[in-house]
Protein chains: 2
Amino acid sequence: MTHELSIGDVAERTALSVHTLRYYERVGLLDGVDRASSGHRRYTEDDVGWIGLLTCLRSSGMPIRAMRDFAALRRGGSATAAERRALLEDHRQEVLARQEELARYLAVLDSKIAYYRGEEAAPPDGARTAVGAGSAARSRGERR
Amino acid sequence: MTHELSIGDVAERTALSVHTLRYYERVGLLDGVDRASSGHRRYTEDDVGWIGLLTCLRSSGMPIRAMRDFAALRRGGSATAAERRALLEDHRQEVLARQEELARYLAVLDSKIAYYRGEEAAPPDGARTAVGAGSAARSRGERR
DNA sequence: TCTTGACCTTGAGCGCGCTCGAAGCGCTAG
DNA sequence: CTAGCGCTTCGAGCGCGCTCAAGGTCAAGA
C-alpha cells in the first residue's frame with residue numbers, strides 16, 4: 001500500500017520544486033531514487049523523511065557542500081554514525097552562533113528604532129551604534 | 001583633528017573590503033563620499049557610523065535592495081523618519097521570525113543528535129522528524 | 001630619480017543555489 | 001486516435017553579493 005511517490009507528489013509534500021529535487025539528486029544529496037519502468041522517479045516514505053532532514057539543514061544555513069558530505073557519510077552506513085553526529089553537532093553550534101549574532105543585531109535595531117521614536121538620544125544616523133565590528137569576521141551564507 | 005579617513009582606513013575599521021566599500025557606493029548605499037583633490041575618497045566619522053548600520057542590516061539578513069531603499073529615504077532627510085522607522089521595524093520582525101525559525105530547526109537537530117547518541121528512538125535517517133513542511137513557504141536569502 | 005604602494009575606474013568574473021528552456025517519451029481521458 | 005500533461009535529460013541562465021583584473025594616477029620614501 002506504500003503507493004510509491006512521483007516527483008510531483010514529493011515536491012508537494014516537501015515544499016521543494018521538482019527542479020530542486022532533481023537538482024539535489026544531481027549534486028549527490030539523494031542517491032538511489034528508484035525508477036519506474038517508464039524511467040520516472042519513485043520515492044519512498046524514507047526518501048521523503050531524508051529530504052525533510054536535508055531541508056532542515058539547508059534552511060538552517062548549512063551549505064550544499066556540507067550536506068553533500070553528510071549524504072556521503074549516510075551512504076557509508078552505520079559505521080559513519082559518529083561522524084554524522086559530529087557533523088550535526090558542529091552545525092548545531094553554527095545555528096546557535098547565528099542566533100546569538102541575530103540577537104546582537106536585534107539590540108542595535110531596537111536602539112535605532114527607539115531613536116526614531118524620539119524616546120532615546122542617538123547620533124544622527126548611526127554612528128557609535130554598530131556592533132563590535134572586529135568581532136565575528138568572515139564568511140558563511142545563510143538562507144531560507 | 002578629524003583626520004579624514006581613506007578607504008583603506010575605513011575598510012580596516014568596518015571589516016569590509018575596499019572592494020565592498022566601493023561596491024556599496026556604486027549601488028547607492030553610500031552617497032556623497034568626499035574626495036580629496038587627488039580623487040581619493042575621504043570618509044568622515046559619520047560615514048563610518050552609517051556603514052556600521054548598513055553592516056548591521058546586511059548581516060542580519062536584509063537584502064541590498066531594501067538597504068538601498070533605506071539609503072534613499074535617508075537622502076530624503078528628516079521628512080522620511082517615519083518611513084525609515086517602519087522599514088527598520090519590518091526588518092526587526094524578519095529577524096525575530098528568523099530566530100524563531102532557527103529555534104525550530106535547532107529542535108530537529110537536537111532530536112537527531114539525541115538519536116545518534118542512542119539515547120532516543122528515531123526512524124533510521126530522518127523520517128517524521130521534519131519541521132512542519134507546509135508551514136513557512138517561500139524566499140529570502142540570509143548572510144554573514 | 002626611481003620605486004613602491006595606496007588609490008582610482010571600468011568592466012568582467014565567480015560561487016552559490018537554484019530555475020528554466022528545449023526536445024522528447026509515455027500514460028490516460030475524451 | 002489524439003491531445004495534454006507530467007515526466008525524462010542536458011545544458012544554459014539567473015539573481016545575489018561580492019571580488020578581482022587591467023590599466024592608470026599620484027605622493028612619499030630610499
Side-chain angles (χ1 to χ4, degrees), chain A residues 3-43 47 51 54-71 94 137-144, chain B residues 3-43 47 51 54-71 94 137-144:
Chain A
H3 39 19
E4 305 269 275
L5 301 153
S6 74
I7 195 167
D9 297 335
V10 174
E12 200 167 333
R13 288 183 43 175
T14 60
L16 297 177
S17 71
V18 297
H19 301 294
T20 300
L21 286 170
R22 284 192 283 249
Y23 167 71
Y24 278 8
E25 195 174 334
R26 260 197 288 177
V27 299
L29 299 181
L30 265 57
D31 31 38
V33 173
D34 290 353
R35 298 297 180 124
S37 57
S38 58
H40 292 194
R41 289 170 181 79
R42 289 294 167 239
Y43 295 82
D47 289 332
I51 292 165
L54 289 178
T55 300
C56 166
L57 295 175
R58 185 75 205 84
S59 299
S60 56
M62 183 181 288
I64 297 282
R65 202 140 11 86
M67 291 168 62
R68 197 190 329 236
D69 294 344
F70 189 61
E94 299 271 350
R138 237 43 327 233
S139 67
R140 191 165 64 228
E142 214 159 303
R143 101 126 196 159
R144 170 77 279 278
Chain B
H3 41 17
E4 305 268 275
L5 301 152
S6 74
I7 195 169
D9 297 335
V10 174
E12 201 168 331
R13 289 183 43 173
T14 61
L16 296 178
S17 71
V18 295
H19 300 295
T20 301
L21 287 170
R22 284 193 281 247
Y23 167 71
Y24 278 8
E25 194 174 334
R26 258 199 288 178
V27 300
L29 299 181
L30 264 56
D31 30 36
V33 173
D34 290 353
R35 298 298 180 122
S37 58
S38 59
H40 292 194
R41 289 169 180 81
R42 290 295 168 235
Y43 296 82
D47 288 331
I51 292 165
L54 289 177
T55 300
C56 167
L57 295 175
R58 185 73 204 86
S59 299
S60 56
M62 183 180 287
I64 297 282
R65 204 140 9 87
M67 290 168 60
R68 196 188 333 232
D69 295 345
F70 189 61
E94 298 271 352
R138 237 35 340 225
S139 66
R140 194 166 63 234
E142 215 157 306
R143 100 127 193 158
R144 173 80 279 278

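Just so it is clear, the structure is predicted and the values come from calculations on it, not from any experiment. So you know, we letter chains A, B, ... as the sequences are listed, proteins then strands, and number each from 1.
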Report task. Check B/I7 against B/V18 and note the closest heavy-atom contact, atom names and distance. Result -> CD1-O, 3.7 Å
Query raised in the report: Can you check whether B/D31 reaches B/E25 side chain to side chain, under 4.5 Å on heavy atoms?
Result: no
Check nucleotides 9-12 of chain C for protein N or O atoms closer than 3.5 Å to its own N or O atoms and list the pairs.
from  : atom 1 : to    : atom 2 : distance (Å)
C/dT9 : OP1    : B/R35 : NH1    : 3.2
C/dT9 : OP1    : B/R35 : NH2    : 3.3
C/dT9 : OP2    : B/R41 : NH1    : 3.1
C/dT9 : OP2    : B/R41 : NH2    : 2.8

**Report entry** Whole-Å gap separating P (D/dG6) and CD (A/E4)
**Finding:** 20 Å
Requested in this report: Rounded to 10°, tell me the angle between the two end axes of the helix from C/dT1-D/dA30 to C/dG30-D/dC1, each built from five pairs.
Outcome: 10°
Query raised in the report: Does the side chain of A/R41 come within less than 4.5 Å of A/D34's, by heavy atoms?
Result: no
Query raised in the report: B/L54 CG to D/dC18 P: how many Å, rounded?
Result: 11 Å
Report task. Report yes if some heavy atom in the side chain of A/R42 is under 4.5 Å from a heavy atom in the side chain of A/S6; otherwise report no. Result -> yes
Report task. Using whole Å, report how far CG of B/L5 lies from P of C/dC7. Result -> 11 Å
Query - Between D/dC7 (P) and A/H19 (NE2): distance, integer Å - result: 11 Å
**Report entry** For atom CZ of B/R68 and atom C1' of D/dC18, their distance in whole Å
**Finding:** 14 Å
Report task. Could you check which of D/dC18, C/dC18, C/dC7 has an atom nearest any side-chain atom of B/I7? Result -> C/dC7
**Report entry** Protein-nucleotide distance (A/L21, atom CG; D/dT9, atom P), rounded to Å
**Finding:** 13 Å
Query raised in the report: Any side-chain N or O of B/Y24 under 4.0 Å from OP1/OP2 of D/dC18?
Result: yes
Query raised in the report: Quick check: does any side chain N or O of A/S59 sit under 3.5 Å from a backbone N or O of A/C56, one acting as donor and the other as acceptor?
Result: no
Query raised in the report: Hey, is the side chain of A/S6 poking within less than 4.0 Å of OP1 or OP2 on D/dG6, counting only N and O atoms?
Result: no
Query raised in the report: Atom CG of B/L16 to atom C1' of D/dT19: distance rounded to whole Å?
Result: 13 Å
Query raised in the report: Going from CE on B/M62 to OG1 on B/T55, what distance comes out if it is rounded to the nearest 0.5 angstrom?
Result: 12.5 Å
Query - Protein-nucleotide distance (A/Y23, atom OH; D/dT8, atom P), rounded to Å - result: 18 Å
Query - Any A/T20 side-chain nitrogen or oxygen under 4.0 Å from OP1 or OP2 of C/dT19 - result: yes
Query raised in the report: Say you draw a straight line from CD1 of A/I51 to CG of A/L30; how long is it, rounded to the nearest 0.5 Å?
Result: 4.5 Å
Report task. Could you please spell out the steps behind the side-chain contact (heavy atoms from CB on, under 4.5 Å) verdict for A/H40 and A/R35? Result -> CA-CA 5 Å; A/H40 292 194; A/R35 298 297 180 124; over 6 Å; no
Requested in this report: Could you say whether A/R65 or A/H40 is positioned toward the 5' end of DNA chain C, judged by the nucleotide with the nearest heavy atom to each?
Outcome: A/R65
Query raised in the report: Are the side chains of B/Y24 and B/L16 in touch, meaning some heavy atoms are under 4.5 Å apart?
Result: yes
